[in-house]
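Bear in mind that the values here come from a model prediction, so they are computed numbers and not experimental data. Each chain gets a letter, A, B and so on, in the order the sequences are listed, and its residues count up from 1.
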Number of protein chains: 2
Amino acid sequence: MRTRKTATKSLACKVRITAITDTMQVLSGKWKIHILGALLQGGKMRFMDLLREIDGIAAKMLSKELQDLEMNQLITRTVVDTKPITVEYEVTEYGKTMEPIIDEIANWGVFYRNRLHGKAD
Amino acid sequence: MRTRKTATKSLACKVRITAITDTMQVLSGKWKIHILGALLQGGKMRFMDLLREIDGIAAKMLSKELQDLEMNQLITRTVVDTKPITVEYEVTEYGKTMEPIIDEIANWGVFYRNRLHGKAD
DNA sequence: TGCATTAGTTACCAATTGGAAACTAGTTTC
DNA sequence: GAAACTAGTTTCCAATTGGTAACTAATGCA
């Protein structure tokens, strides 16, 4: 008889799975990480700034993803009474807690590219 | 005149965006992170182990995601000549470099839950 | 008057994702 | 001989995702 591996069946593992699912849901979609990344580096940015800076995103997607991020309190949306009205988006303190994740993901991606090119193994 | 934010237009930012895109592609889909998580904690595991441990996954998905992970060299697949033949999956050394990402994601998820329940802000 | 800019919204469409269930195929146990 | 366990594969379907392009609405500028 073989000892069955029950790694994910312990309480700790279930908590972990839930935690991972939660985070991935908050970051779901093609663009949220990039929007956060841009705002983390650029500070306060306007809608058109983001539209221009994030390569390939369409207004519809940007608008929708910004709403999601705002709902999750990772960013704030502030209407500025300029003429042409402008809207400023900014990462909240809470949103900044995402930075380590984004950094790890970016680091791994660099590592991945180096491995592909640098050497076969 | 206003200085345009060009955060993501620098070379460093483009590299970062590519890096993030790469990593997210390697981890794409609903299940890869959970499969890696299970294998990182459980060590060597068989197909049916994973099917049972990862709550909700169907054989089709598990099979497909395992193939993707193997193609990216994050895991190995070893056929063991037992009777009923069994197949063992294991995280490679390279695959283990994903651990910091998965840990950060799991940590953030726990933090997120605590914030939701513990206090409004 | 007409065009540009601001920040979006809307409608429509195509591709991808993922789930359920049935099926294959070899071996072993009752 | 039938059922069960191994590791999948196949088919078919539904929902989600995301893209294009056009449109709104207010304001400023030539």
Item to complete: Mind telling me whether A:Tyr112 and A:Trp108 have parallel, tilted or perpendicular rings, with 30° and 60° as the class edges?
Response: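 A:Trp108 and A:Tyr112: parallel rings.
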
Discussion item. Once you apply a heavy-atom cut-off of 4.0 Å, does A:Met48 come out as touching a base, just sugar-phosphate, or nothing?
Written reply: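 Sugar-phosphate contact only.
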
Worksheet item: NA contact type, B:Gly56, heavy-atom cut-off 4.0 Å: base, sugar-phosphate, or nothing?
Response: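 It contacts nothing in the nucleic acid.
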
Would you mind reading off the distance between [X] atom [atom1] and [N] atom [atom2], rounded to a whole angstrom?
{"X": "A:Leu51", "N": "C:dT9", "atom1": "CG", "atom2": "P", "answer": "13 Å"}
{"X": "A:Asp55", "N": "D:dG19", "atom1": "CG", "atom2": "C1'", "answer": "15 Å"}
{"X": "B:Met61", "N": "D:dA15", "atom1": "CE", "atom2": "P", "answer": "17 Å"}
{"X": "A:Lys60", "N": "C:dA11", "atom1": "NZ", "atom2": "P", "answer": "12 Å"}

Check this one for me: any side-chain N or O of [X] less than 4.0 Å away from OP1 or OP2 of [N]?
{"X": "A:Arg46", "N": "C:dG8", "result": "no"}
{"X": "B:Ser63", "N": "D:dT9", "result": "yes"}
{"X": "B:Arg52", "N": "D:dC5", "result": "no"}

Response to the item:
Reading nucleotides 22-30 of chain D from 5' to 3' and marking B where a protein heavy atom lies under 4.0 Å of the base, S where only the sugar-phosphate is that close, and - otherwise, the string is -----SS--

Worksheet item: Looking at C:dG18, D:dA7, C:dG8, which one has an atom nearest to any side-chain atom of B:Phe47?
Response: D:dA7

Response to the item:
Among D:dT20, D:dA7, C:dG8, the one nearest any side-chain atom of A:Ala58 is D:dT20

Practice prompt. With a 4.0 Å heavy-atom cut-off, tell me which residues in residues 64-71 of chain B come close to DNA chain C, sorted by residue number.
Written response: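 DNA chain C contact set from residues 64-71 of chain B: none.
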
Distance-only criterion, 3.5 Å: show the donor-acceptor pairs between side-chain atoms of residues 17-26 of chain A and protein atoms not counting sequence neighbours.
from, atom 1, to, atom 2, distance (Å)
A:Thr18, OG1, A:Lys14, O, 2.9
A:Thr21, OG1, A:Ile17, O, 2.8
A:Thr21, OG1, B:His34, NE2, 3.4
A:Asp22, OD1, B:Arg113, NH2, 3.2
A:Asp22, OD2, B:Arg113, NE, 2.6
A:Asp22, OD2, B:Arg113, NH2, 3.2
A:Thr23, OG1, A:Ala19, O, 3.1
A:Thr23, OG1, B:Ile105, O, 2.8
A:Thr23, OG1, B:Gly109, N, 3.1

Fill in: Test: A:Lys32 and A:Glu65 ion pair at under 4.0 Å
yes

Fill in: Lys/Arg N to Asp/Glu carboxylate O, B:Lys96 vs B:Glu93, below 4.0 Å
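Salt bridge present between B:Lys96 and B:Glu93.
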
Practice prompt. Would you kindly check if the NZ (Lys) or CZ (Arg) of A:Arg115 is within the cone defined by 45 degrees around the ring axis of B:Tyr94 and under 6.0 Å from the six-membered ring centre?
Written response: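 Yes, A:Arg115 lies over the aromatic ring of B:Tyr94.
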
Worksheet item: Taking C-beta and beyond as the side chain, do B:Val87 and B:Val80 meet within less than 4.5 Å on heavy atoms?
Response: no

